[in-house]
Amino acid sequence: MNPIEEKVQLPDPETQFLVHPVDLPGARKEFLTGWWLGIIATPQVYTALLAFFWAVSNNYVTPVLVPLALVLVAGWISSKLTRGAWDYIPRKRHDKERRIPVLLIGGALIKSSALLVGLIVFMVWSTSQDFVPGFSAYPLGMGAAIVVIMLGELVAKLLRRRTLDLVPEALSIVVVVVAVWMGFALLPAGRELAPVDLLPGVAILVGVWLTWLLFTQIEARHNHG
């Protein structure tokens with residue numbers, strides 16, 4: 001059998017068989033840069049950017065196109081960098097199940113904080129506008145969908161016994177629930193909306209989340225075979 005040609009010096013397989021890019025100086029920078037950009041390409045940050053640009057722009061095109069472009073570019077570059085970082089390691093030695101607490105907690109805090117800031121900016125702006133009550137249904141529907149999706153992800157990780165993921169996920173959910181609760185309290189007629197009124201906003205966010213989930217699954221297969 002021909003030996004596998006390694007791009008860098010890997011740890012001795014007798015002492016550490018599975019390897020993660022953070023273990024290798026040559027791959028660590030690529031992986032962490034890809035991780036940062038990957039944070040931008042998430043439904044939470046997309047929603048935060050959408051809310052922010054909706055408040056600061058004076059048209060209906062910028063809030064949709066700018067966040068979409070930023071998320072797509074960030075996601076594409078992130079996938080290239082992350083794949084390049086994993087390419088330093090032979091696939092049979094990929095430690096793809098390793099959970100890194102600093103990255104898990106940091107990512108959760110960044111995403112939830114960005115979403116909170118974006119929603120607060122949007123709500124402060126919208127309370128000064130003369131919108132019809134039905135306008136609130138879209139952002140509140142999206143916020144409610146985020147809460148339900150994040151709760152579903154928390155339950156799934158609990159069932160899979162990914163205990164390191166539970167704390168950052170719980171922190172994110174608390175922040176998002178606070179933001180959505182503020183939305184129902186501050187936006188026009190937020191407390192009077194019926195559940196069916198939220199469906200258009202829910203549909204938009206679910207579509208974004210499913211697209212993101214499909215993208216992450218495809219990238220995981222590309223990275224690890």
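- When hydrophobic clusters are built by joining Ile, Leu, Val, Met, Phe, Trp and Tyr residues whose side-chain heavy atoms come closer than 4.5 Å, directly or via intermediates, Ile218 is not grouped with Tyr46.
- Contact of the Ile110 side chain with the Trp36 side chain is registered, since non-hydrogen atoms from C-beta on lie closer than 4.5 Å.
- By the side chain to side chain contact (heavy atoms under 4.5 Å, CB included) test, Phe52 pairs with Val56, Val121, sequence neighbours left out.
- Judged as a side chain to side chain contact (heavy atoms under 4.5 Å, CB included), and not counting sequence neighbours, the contacts of Trp212 are Thr42, Pro43, Glu153, Trp209, Thr216.
- Phe215 and Leu213 fall into different hydrophobic clusters, where Ile, Leu, Val, Met, Phe, Trp and Tyr side chains are chained together by heavy-atom contacts under 4.5 Å.
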inquiry  = Apply side-chain contact (heavy atoms from CB on, under 4.5 Å) to residues Trp35 and Ile39 and explain how you reach the verdict.
reply    = CA-CA 6 Å; Trp35 177 84; Ile39 293 293; 4.1 Å; yes
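- Without hydrogens or angle criteria, His94 side chain to Leu18 main chain gives no donor-acceptor distance under 3.5 Å.
- For Gln9 (side chain) and Pro11 (main-chain N/O), no donor-acceptor pair under 3.5 Å exists by modelled atom type.
- Cluster note: Val196 groups with Leu199 through ILVMFWY side-chain heavy atoms spaced under 4.5 Å, whether in direct contact or through intervening members.
- Under the rule for a side chain to side chain contact (heavy atoms under 4.5 Å, CB included), the partners of Pro13 that lie at least two apart in sequence or sit in another chain are Phe17, Arg93.
- The side-chain heavy atoms of Leu109 and Val175, taken from C-beta on, include no pair separated by under 4.5 Å.
- In this structure, OG1 on Thr47 lies 4.5 Å from CG on Leu205, to the nearest 0.5 angstrom.
- Listed by first and then second residue, the salt bridge (Lys or Arg N to Asp or Glu O under 4.0 Å) pairs involving residues 24-33 amount to none (not counting sequence neighbours).
- Considering only residues two or more places apart in sequence or on other chains, Glu97 meets the side chain to side chain donor-acceptor pair (under 3.5 Å) condition with Arg162.
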Show the atom names and distances, to 0.1 Å, of all donor-acceptor pairs under 3.5 Å that link a side chain in residues 65-78 to residues at least two apart or in another chain.
from: Ser78; atom 1: OG; to: Gly34; atom 2: O; distance (Å): 2.6
from: Ser78; atom 1: OG; to: Gly38; atom 2: N; distance (Å): 3.4

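- The shortest distance between side-chain heavy atoms of Phe31 and Leu81 does not fall below 4.5 Å.
- Residue pairs meeting the salt bridge (Lys or Arg N to Asp or Glu O under 4.0 Å) criterion with at least one member in residues 98-123, sequence neighbours excluded: Asp23-Arg98, Asp95-Arg98, Arg99-Asp165.
- Listed by first then second residue, pairs satisfying salt bridge (Lys or Arg N to Asp or Glu O under 4.0 Å) with a partner in residues 65-85 read Arg83-Glu219, not counting sequence neighbours.
- Distance alone, capped at 3.5 Å, places no donor-acceptor pair between the Thr82 side chain and the Ser79 backbone.
- Considering every non-hydrogen atom in both Ala48 and Leu115, the closest pair reads CB-CA, 3.6 Å.
- Grouped with Val155 in one hydrophobic cluster are Leu159, the linkage being side-chain heavy-atom contacts under 4.5 Å among Ile, Leu, Val, Met, Phe, Trp and Tyr residues.
- Nearest heavy-atom pair across Gly118 and Ala51 is O-CB, 3.5 Å.
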Show me the donor-acceptor pairs, under 3.5 Å and distance only, between side chains in residues 139-152 and residues at least two apart or in other chains.
none

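- In this structure, the side chain to side chain contact (heavy atoms under 4.5 Å, CB included) partners of Ile120, at least two apart in sequence or on a different chain, are Leu116, Met123, Val124, Met182.
- Using a 30° and 60° split on the angle between ring planes, Trp86 and His20 fall in the perpendicular class, above 60°.
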